[in-house]
Amino acid sequence: MMISKLQKTTRSVYTMRSVHRSATNALPTLVQHAVVERPAPQETVTASFGRFISGLGAEHLTPTVLQRSKRMVLDSLGVGLLGSTTEVFELALEHCQQMYAPDYISSVYGRTGTKLSPTLAAFVNGVAVHSMDFDDTWHPATHPSGAVLPALLAVSDMMPPNRKPSGLDLLLAFNVGIEIQGRLMRFSNGASNIPKRFHPPSVVGTMGSAAACANLLSLDPSQCSHALAIATSLAGAPMANAATQSKPLHIGNASRLGMEAALLASRGLEASPLILDSVTGVAGFNAFYEDYMPLPLNLDKDKGHSFLIEVQDIAFKRFPAHLGMHWVVDAAASVNKLLVGIHSGTVSASQVKEILLRYINRPFPECEHQARHSFQFNACSALLDGEVTTQSFTADAIRRPELAALLSRVRVEHPADNPANFDRMYGEVQVTLDGGDVLSGRCDTFYGHWRNPLTNESLRKKFRSNAGAVLPRKQVEDLIEAVEALDDLQDCTPLLLQLQ
Amino acid sequence: MMLRKSVTRSFGAAISGLDRSHLTDGVISRSKRMMLDTLGVGLIGTRTNVYHKALRYSQSFASRDQSQVWGSAEKGLPAQYAAFVNGVAVHSMDFDDTWHPATHPSGAILPAVLALAQVLPQQPTGLDLLLAFNVGIEVQGRLLSFSREALNIPQRFHPPTVVGVMGSAAASAKLLGLTPVQCTHALAIAASFAGSPLANAATQTKPLHMGNAAGRGLEAARLAWMGLEGNPDVLDLESGFGVFFTEYNPSEMADVGGFKWALESQNVAVKLFPAHLGMHWVAEATLAAKAELGRGGESDGRLDDIRSVTLRVPPSKYIDCPYPATEHQARHSYQFNACSALLDDRVTVESFGDALRNRPALRELLSKVRVETPEDNHPSFDKMYCDVVIEMHCGKRFVGRCDTFYGHWRRPLSQEDLEGKFRANASTVLSSEGVEGIVDIVRNMEQATDSSMLRLHLQMTTFIPVKGKSGELQHGLHHGADAIKDLMERRVAHKSAGGDHFVFLVHVALSDALTHMRAAQLADGRSGIRSVWVSVQRKKPSQLTLV
């Protein structure tokens with residue numbers, strides 16, 4: 001076939017791309033945007049901006065620009081000076097002086113003796129949590145814990161020694177943070193699907209962190225509302241930064257900024273009291289959604305509260321990549337088993353003529369962050385190795401020639417019955433061998449998904465392997481115990497100490 | 001709206017009200033699993049490259065580098081937080097400039113540029129600052145042209161949080177001398193820091209938007225400088241910067257060769273009183289109507305005879321506020337600004353204070369105001385107008401109209417009035433020497449070889465309170481004369497941009513010992529004296545005096 005011939009060529013991507021376009025004209029529309037979606041070679045608007053900013057020189061400034069901008073400078077200084085007498089300025093200033101002076105207060109994961117101001121500790125620890133896309137995923141889609149826990153630990157570090165929260169206090173605040181995220185995500189049907197516009201942790205995560213911190217700080221109801229409203233002004237980052245280094249920043253920021261919102265609210269800073277309500281013409285939290293239907297969250301004093309985490313469990317990842325990869329990897333791993341059976345223990349690219357992958361796209365990942373978001377990469381890794389692990393994303397593994405050879409044989413389809421939804425999607429891998437034999441594997445629910453949760457044993461194994469990379473074995477085990485007994489812990493200090 | 005229980009409040013109540021007894025066994029066990037897992041992935045995450053960058057970046061806050069807080073001789077903060085608080089200051093009263101398409105362009109840029117300049121190894125020249133500032137303004141103008149939606153008064157996101165943070169990143173990137181690729185990433189990272197919904201307008205949180213735009217843009221540029229990367233196509237994508245608009249048509253920036261500044265073809269509006277720009281049409285139209293009423297031979301007392309006041313303004317939900325409850329709402333209320341103008345013949349800084357805001361006469365008048373939104377009155381600062389119709393009990397009607405208020409880009413403030421506004425504002429905090437010095441420095445900014453003069457003058461407050469315990473009074477005396485000399489050279493004697501010598505005579509209204517301690521303390525960056533008055537005067541070169 002035309003396609004397989006083309007895929008075997010090693011000509012430049014550009015010529016391949018144009019030839020391929022004409023070649024695909026005759027194919028069913030499903031296949032049209034498969035195979036090659038490399039960045040277009042033409043100049044992008046963004047690059048033109050970058051070049052502009054860098055290239056502009058003082059000689060470009062005209063007299064009019066100079067004159068006008070000086071006027072603006074002068075005026076701006078004046079209003080700023082007067083503004084420094086306002087109450088809101090005082091609040092912001094106090095906040096900064098306490099929070100951002102060199103304060104060695106809150107500890108940093110895995111670093112003995114390294115301390116930062118609380119919000120910055122929340123930031124870096126949040127970044128750590130999402131740095132590999134290894135943290136939990138909920139339905140509707142978000143990574144709920146990474147936005148909440150670092151903030152809570154940083155706040156706990158901040159509290160005086162005799163008034164540290166108990167383990168239960170911590171758990172409560174944590175659940176408040178998780179619950180709020182779940183509630184907010186149910187305000188929009190769009191949130192049920194894998195997001196296209198805003199990265200959910202940057203939206204609901206920031207709110208969850210604010211809620212959790214507000215709870216731990218025992219803010220009053222009005223302050224808690226304001227904490228959410230302030231957090232809304234700090235929320236929201238576009239999806240386009242997924243698969244880049246900036247994605248982990250989203251969680252770090254969610255954690256830090258939510259905490260900041262709660263601290264500002266505790267100082268009495270106020271924001272819109274209708275932020276979650278749908279008010280036409282003045283967008284609040286609904287600015288982040290296309291459809292939006294807010295529902296009150298009432299707490300019945302007599303009846304208990306039904307937490308969403310009860311009805312909807314969480315998915316844990318087994319390897320550090322976007323959740324969607326786990327279906328494809330399990331499907332591909334089952335094909336790997338078949339292949340190993342046929343070919344006495346080894347899988348090589350030369351056996352494979354074509355791989356048909358039913359799902360989304362990133363054909364040739366160029367870095368670890370792209371690899372964590374590439375169905376093709378994860379399918380091929382699993383096909384080769386029988387599994388995907390932390391090591392699969394090292395630079396060496398990504399650049400293996402066998403892997404590149406396999407990647408060039410991948411075709412992706414988007415069947416209509418496979419929605420971009422973590423509750424309903426599936427992954428299917430079909431491998432056509434050179435002889436014409438077709439092997440296929442399918443995964444409806446991977447191990448780790450909320451319908452097929454990791455056993456405690458598997459979860460601890462994952463923890464030991466992760467924590468053990470940084471901490472001594474004893475400390476790893478102590479941590480497991482501390483968390484296990486958290487609800488009985490009178491004072492969370494031991495937990496805080498174990499993390500360094 | 002008043003009676004309905006808001007979702008937000010119910011959330012607040014739930015967050016505050018939930019307690020341990022609500023936790024069930026299922027919840028505890030599941031959440032513990034999540035925590036354990038999160039800790040683990042966090043721990044292994046500490047070995048990643050991106051984490052190291054984030055950590056290194058955050059540790060830089062613990063450095064001794066401090067950027068100045070405007071209008072204060074004492075307070076210094078890490079650069080991004082100085083940018084933050086100064087940005088908050090600029091927008092705290094909604095008194096800063098407005099551009100078209102609508103945003104407040106300068107408040108996101110200048111605090112970032114000045115804060116960053118202070119921590120650079122080499123002080124930029126005045127021209128460097130102007131360049132960086134303009135790059136920041138320009139980027140905002142370009143981005144605003146990507147969507148027709150931006151032409152109108154906004155409904156979803158507050159523009160300074162969208163384009164302002166990008167502008168700040170661009171300006172900071174420029175000042176840092178980043179490469180094209182780094183500049184691109186600075187914008188990409190900034191896009192992840194952008195976007196606050198409009199609902200927080202008319203609250204205390206709105207000024208935070210400006211502070212965040214300044215601080216986070218600076219932060220994005222510094223992260224890019226450290227090598228952090230974002231999506232380099234962020235401006236090209238609907239899922240990138242496009243998320244902030246309902247329709248989005250990005251276009252490339254022209255090559256620097258044939259480049260035309262947006263600021264050339266479109267000037268900014270400068271406000272004469274601290275309120276949302278739309279209020280400026282209302283105030284002028286109201287005064288015109290009142291003048292008519294005066295010409296009709298009516299005395300002031302006749303305000304009681306007003307039956308109704310009708311405002312014909314563009315539809316915009318967030319500035320239509322019949323009974324403002326706070327100063328921030330008053331700055332966003334057509335009704336309030338019309339009534340203030342009617343009662344006082346002007347709207348000023350004081351109009352928004354508690355005393356004037358809560359006057360019974362004003363409340364009474366507010367109840368007579370009706371707002372109409374004719375179809376031909378577009379919610380755009382370039383097209384809108386305001387008609388005010390005052391109807392008396394006797395049936396007489398007096399009409400005033402404003403198409404272009406004084407300060408609008410079609411009718412800009414004279415230089416004299418602009419400086420007058422600056423003097424009035426700045427003198428609330430700075431000594432007259434500080435005020436006049438800044439007027440001079442900015443006037444000659446493109447010639448300044450060292451931009452730190454501006455910061456020096458921003459510190460010339462009329463009163464410098466020094467916090468500390470009296471027991472520490474002895475401390476300063478131990479500092480050597482060198483420290484004091486250094487202080488005099490660095491902070492007191494300066495050559496101005498124009499070549500004349502500025503010499504500052506420091507009068508300390510206490511003893512010489514205190515003078516020395518104060519000097520040593522400034523030089524040493526320490527605080528040990530309870531309070532000292534310092535007045536700073538500008539003298540001719542011949543009068544050079546070292547204290």
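The sequence lines fix the lettering, A, B, ..., with proteins before strands; numbering per chain opens at 1.
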Work out which heavy atom in B:Ala199 is nearest to a heavy atom in A:Ser272; give both atom names and the distance. O-CB, 3.1 Å
Of B:Asn200, B:Leu198, B:Leu208, which is the lone residue that meets side chain to side chain contact (heavy atoms under 4.5 Å, CB included) with A:Ser233? B:Asn200
Compare every heavy atom of A:Asn253 with every heavy atom of B:Phe193, then report the nearest pair and how far apart it is. CE2-ND2, 2.8 Å
Most contacts with chain B, counted as non-hydrogen pairs under 4.5 angstrom, among A:Ala235, A:Pro320, A:Ala287, A:Ala237: A:Ala287
Atom pair OG1/CG of B:Thr205 and A:Leu234 - distance to nearest 0.5 Å: 8.0 Å
The criterion is side-chain hydrogen bond (donor to acceptor under 3.5 Å, both in side chains); which residues satisfy it with B:Asn212, sequence neighbours excluded? none
For B:Gln155, give me all partners under side-chain hydrogen bond (donor to acceptor under 3.5 Å, both in side chains), at least two apart in sequence or on another chain. none
Can a side-chain donor-acceptor contact be found between A:Thr244 and B:Asn231 if the only test is distance below 3.5 angstrom? no
Rounded to the nearest 0.5 Å, how far does CG of A:Asn241 lie from CG of B:Asp233? 10.5 Å
Between the main-chain N or O of A:Thr232 and the side-chain N or O of B:Ser196, is there a donor-acceptor pair closer than 3.5 Å? no
Would you say B:Ser239 and A:Arg197 make side-chain contact, with heavy atoms under 4.5 Å? no
Which bit of B:Phe157 is near chain A, if near means a heavy-atom gap under 4.5 Å: side chain, backbone, both or neither? side chain
Verify the ring-centre separation between B:Phe244 and A:Phe198: is it less than 6.0 angstrom? yes
Separation of B:Ser192 OG from A:His199 NE2 (nearest 0.5 Å): 9.0 Å
Proximity breakdown for A:Asn286 and chain B, heavy-atom pairs closer than 4.5 Å: neither
Taking side chain as everything from C-beta outward and backbone as N, CA, C, O, which of these in B:Ala191 sits under 4.5 Å from a heavy atom of chain A? Side chain, backbone, both or neither. both
What is the minimum heavy-atom distance between A:Pro238 and B:Gly240, and which atoms define it? CB-O, 3.3 Å
Within the structure provided, determine whether A:Leu249 and B:Leu223 are in side-chain contact (heavy-atom separation under 4.5 Å). yes
Working to the nearest 0.5 angstrom, can you tell me the gap between B:Thr203 OG1 and A:His226 NE2? 8.5 Å
